[in-house]
Amino acid sequence: MKPAGIFAAVCLLLAVYCAVDPFDHSAISEFPEFESVKIEMPAWSSIPVDNDPENMLQKSEIKFLNQIQGPESMAFDPNGRGPYTGVADGRILFWDGQKWTDFAYTSANRSGLCDPKPSPMSYLKSEHICGRPLGLRFDKTNGDLYIADAYFGLMKVGPEGGLATSLSTEAEGVPLGFTNDLDIDVDGNVYFTDSSIKYQRRNFLQLVFSGDDSGRLLKYDPSTKETTVLIRNLQFPNGVSLSKDGSFFVFCEGSLGRLSKYWLKGEKAGSTEVMAVLPGHPDNVRTNKDGDFWVAIHCRRYMYSHFLGLYPKIRQVWLKLPISARLHYMMQIGGRLHAVVVKYNAEGELLKILEDSSGKVVKAVSEVEEKDGRLWIGSVLMPFLAVYQL
């Protein structure tokens, strides 16, 4: 057989293999309805090239190593106590200055499945039973803690803690699929994200790979107890944070890698605009006392994910090959964990970037909370908090 014929035969066999996946070895074998969606990536030339050559995050102090698993979000109560953080086994813990104590939980059906495990990822299979509290925010007027639980929706618990109360599990007749982050305005309205109505958090890798555009930005009105949809068809919406003056809030679009504004007041009320194209794919965002925004970057951008984002058909075929989801993920993030946090002002200007490019100390970042001249850094993937002195 001529070389051209051999090549054609190999291509045919590969095509058949990808179409059938006979041994269920692909990253999407358990998701028969998996569909790759085009991600309208910004022009590569528009992506910030700023970096931190001194790797300043490596100067962070690692705290509570192996005492907490996967602290995604942190909050301090109206009296300044804390932090409080949600962990991988479904509890919300409180640091009283001496030790961690149980404060609240989101599932009424906790069992031995929720007992301590060796790593944050060990809990994925039972998260839908034990709960997975992600975004946390205190109502400064009464001390209530609002919780975005990935499986149980928007919840609230009083200052004494205990079992959280459900506030919202659906919006306009569509169940919440992956409740992620939230913030609260002065009137008690809660703005929060539902990252996907198709993929739960335990399938977040498939959400990342697909570019799924079923995410939503939502508003919960405590006076009517109704949840309405502000924006539909978002690709992995994540962090939410109100501006200092409450005229707008910003939200992170994970797949697109950008920070956007949603206007609440003034002539632009109800409209959206892009605030900044980010150097990577974001997780949470938090506002500091000066009105600037700290954004946690899950990973930097790489041409690999940029190219696949633009070409969903190629991505679909690539994902059908016998390559594990973990390996696809490592290629997505450039082969290693790489911690990045960035600070923007309200006009979208980049003010500061801090990194640990080798993942030597901080490794990964889900949220950055500024308090008293220090950055409290949490990660859904890590068994510790990091503290960086500004």
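Counting begins at 1 with the first residue of the sequence.
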Between Asp283 and Asn238, does any side-chain donor sit less than 3.5 Å from a side-chain acceptor? yes
Polar contact flag, side-chain donor to acceptor under 3.5 angstrom, Tyr123-Gln69: no
Can Met330 and Ile333 be said to form a side chain to side chain contact (heavy atoms under 4.5 Å, CB included), step by step? CA-CA 5 Å; Met330 293 307 294; Ile333 66 172; 4.0 Å; yes
List the atom pairs, with distances to 0.1 Å, where a side-chain N or O of residues 292-313 and a protein N or O form a donor-acceptor pair under 3.5 Å, not counting sequence neighbours.
residue, atom, partner, partner atom, Å
Trp294, NE1, Glu370, OE1, 2.6
His298, NE2, Tyr329, OH, 2.7
Arg300, NE, Glu355, OE1, 3.1
Arg300, NH2, Asp50, O, 2.7
Arg300, NH2, Glu355, OE2, 3.1
Arg301, NE, Leu278, O, 2.9
Arg301, NH1, Leu256, O, 3.4
Arg301, NH2, Leu256, O, 2.9
Arg301, NH2, Gly257, O, 2.5
Arg301, NH2, Leu278, O, 3.3
Tyr304, OH, Trp318, NE1, 2.8
Ser305, OG, Tyr302, O, 3.1

Between Gln235 and Gly211, is there a donor-acceptor pair closer than 3.5 Å when you use the side chain of the first and the backbone of the second? yes
Between atom CD of Glu72 and atom OG1 of Thr85, what is the distance when rounded to the nearest 0.5 Å? 8.5 Å
Would a single hydrophobic cluster contain both Val285 and Val368, if residues Ile, Leu, Val, Met, Phe, Trp and Tyr are joined by side-chain heavy-atom contacts under 4.5 Å? no
Check for a donor-acceptor pair, side chain of Asp139 on one end and backbone N or O of Gly143 on the other, with a separation under 3.5 Å. no
Could you give the distance from OG (Ser241) to CG (Asp181), rounded to the nearest 0.5 Å? 8.0 Å
For Glu172, I'd like to know if atom CD has over 12 heavy atoms of other residues, nucleotides or ligands within 6.0 Å. yes
Ile92-Trp95 co-clustered via ILVMFWY side chain contacts under 4.5 Å: no
For the residue pair Lys343 and Asn288, establish whether any side-chain heavy-atom pair is separated by less than 4.5 Å. yes
Exceeds 12 heavy-atom contacts within 6.0 angstrom, atom NZ of Lys59: no
Donor-acceptor pair, Ser210 side chain versus Ser36 backbone, under 3.5 Å? no
Under the side-chain hydrogen bond (donor to acceptor under 3.5 Å, both in side chains) definition, can you give me all pairs with a residue in residues 104-116, not counting sequence neighbours? Thr106-Asp149
Please check: side-chain N/O of Gln200 versus main-chain N/O of Asn203, any donor-acceptor pairing under 3.5 Å? no
Closest heavy-atom pair, Val277 versus Ser46, reported as atoms and distance to 0.1 Å, is CG1-O, 4.1 Å
Start with the C-alpha gap between Val208 and Gln206, add the side-chain angles, then the distance that decides, and say whether side chain to side chain contact (heavy atoms under 4.5 Å, CB included) holds. CA-CA 5 Å; Val208 170; Gln206 283 69 33; over 6 Å; no
Among pairs that include at least one residue of residues 252-261, which meet salt bridge (Lys or Arg N to Asp or Glu O under 4.0 Å), considering only residues two or more places apart or in two chains? Glu253-Arg258
So, Arg137 side chain and Leu182 main chain: donor-acceptor pair closer than 3.5 Å or not? yes
Aromatic contact, Trp100 with Phe64 (centres under 6.0 Å): yes
Could you go through Arg201 and His128, starting from their C-alpha distance and side-chain angles, then the distance that decides it, and tell me whether this counts as side chain to side chain contact (heavy atoms under 4.5 Å, CB included)? CA-CA 9 Å; Arg201 201 199 87 88; His128 61 297; over 6 Å; no
Does Asp102 have any salt bridge (Lys or Arg N to Asp or Glu O under 4.0 Å) partners at least two apart in sequence or in another chain, and if so, which? Arg91
Would Ile47 end up clustered with Val342 when hydrophobic side chains under 4.5 Å apart are linked, directly or stepwise? no
Phe178 backbone acceptor or donor facing Ser196 side chain under 3.5 Å: no
Is there a path of hydrophobic side-chain contacts, each under 4.5 Å between heavy atoms, that joins Trp376 and Ile353? no
Hey, is the main chain of Leu136 close enough, under 3.5 Å, to the side chain of Ser73 for a donor-acceptor pair? yes
Arg216 side chain to Ala171 backbone, donor-acceptor under 3.5 Å: yes
Using atom types as modelled and distance alone, determine if a side-chain donor or acceptor of Asn55 lies under 3.5 Å from a backbone N or O of Ser357. yes
Residues Arg202 and Lys125: closest non-hydrogen pair is NH1-O, 4.2 Å
Any Leu385 side-chain heavy atom under 4.5 Å of Ile68 side chain: yes
Taking atom CE of Met74 and atom NZ of Lys371, what is their separation to the nearest 0.5 Å? 12.5 Å
Pairwise distance CG(Asp212) to CD1(Ile39) - rounded to 0.5 angstrom: 10.0 Å
Taking salt bridge (Lys or Arg N to Asp or Glu O under 4.0 Å) as the definition, give me every residue that meets it alongside Asp96, ordered by chain and number, with sequence neighbours left out. Lys99
Side chains of Leu381 and Met121 in contact at under 4.5 Å (non-hydrogen atoms): yes
Distance-only side-chain donor-acceptor flag, Tyr84 / Asp77, under 3.5 Å: yes
Show which residues join Leu217 in its hydrophobic cluster (side-chain heavy-atom contacts under 4.5 Å, direct or indirect), or state none. Tyr191, Leu230, Ile231, Leu234, Val240, Leu242, Phe249, Phe251, Tyr262, Leu264
Separation between CD1 (Ile28) and NZ (Lys320), nearest 0.5 Å, reads 5.5 Å
Please say which of Asp356, Leu375, Val362 ends up in a side chain to side chain contact (heavy atoms under 4.5 Å, CB included) with Tyr388. Leu375
Between Tyr146 and Val157, is there shared hydrophobic-cluster membership here, with clusters defined by ILVMFWY side-chain heavy atoms closer than 4.5 Å? no
Can you check side chain to side chain contact (heavy atoms under 4.5 Å, CB included) on Tyr220 and Lys225, steps first, answer last? CA-CA 7 Å; Tyr220 172 77; Lys225 295 181 171 51; 3.6 Å; yes
Within a 6.0 Å radius of atom CD on Glu54, are there more than 12 heavy atoms belonging to other residues, nucleotides or ligands? no
Can a donor-acceptor pair be found between the side chains of Asn180 and Ser195 at a distance below 3.5 Å? yes
Quick one: are Glu127 and Tyr151 in side-chain contact, heavy atoms under 4.5 Å? yes
With the side chain counted from C-beta on, respond yes when Phe138 and Asp144 share a heavy-atom pair under 4.5 Å apart, and no when they do not. no
Is there a side-chain contact between Cys252 and Leu259 in this structure, where contact means two heavy atoms from C-beta onward sitting under 4.5 Å apart? yes
Side-chain touch Leu57/Ile377, heavy atoms, less than 4.5 angstrom: yes
Donor-acceptor contact below 3.5 Å, side chain Thr287 vs main chain Gly291: no
Nearest 0.5 Å please: distance from the CG atom of Leu337 over to the NZ atom of Lys360. 16.0 Å
Could you walk me through whether Phe204 and Tyr199 pass ring-ring contact (aromatic ring centres under 6.0 Å, His included), step by step? CA-CA 7 Å; Phe204 74 92; Tyr199 296 98; over 10 Å; no
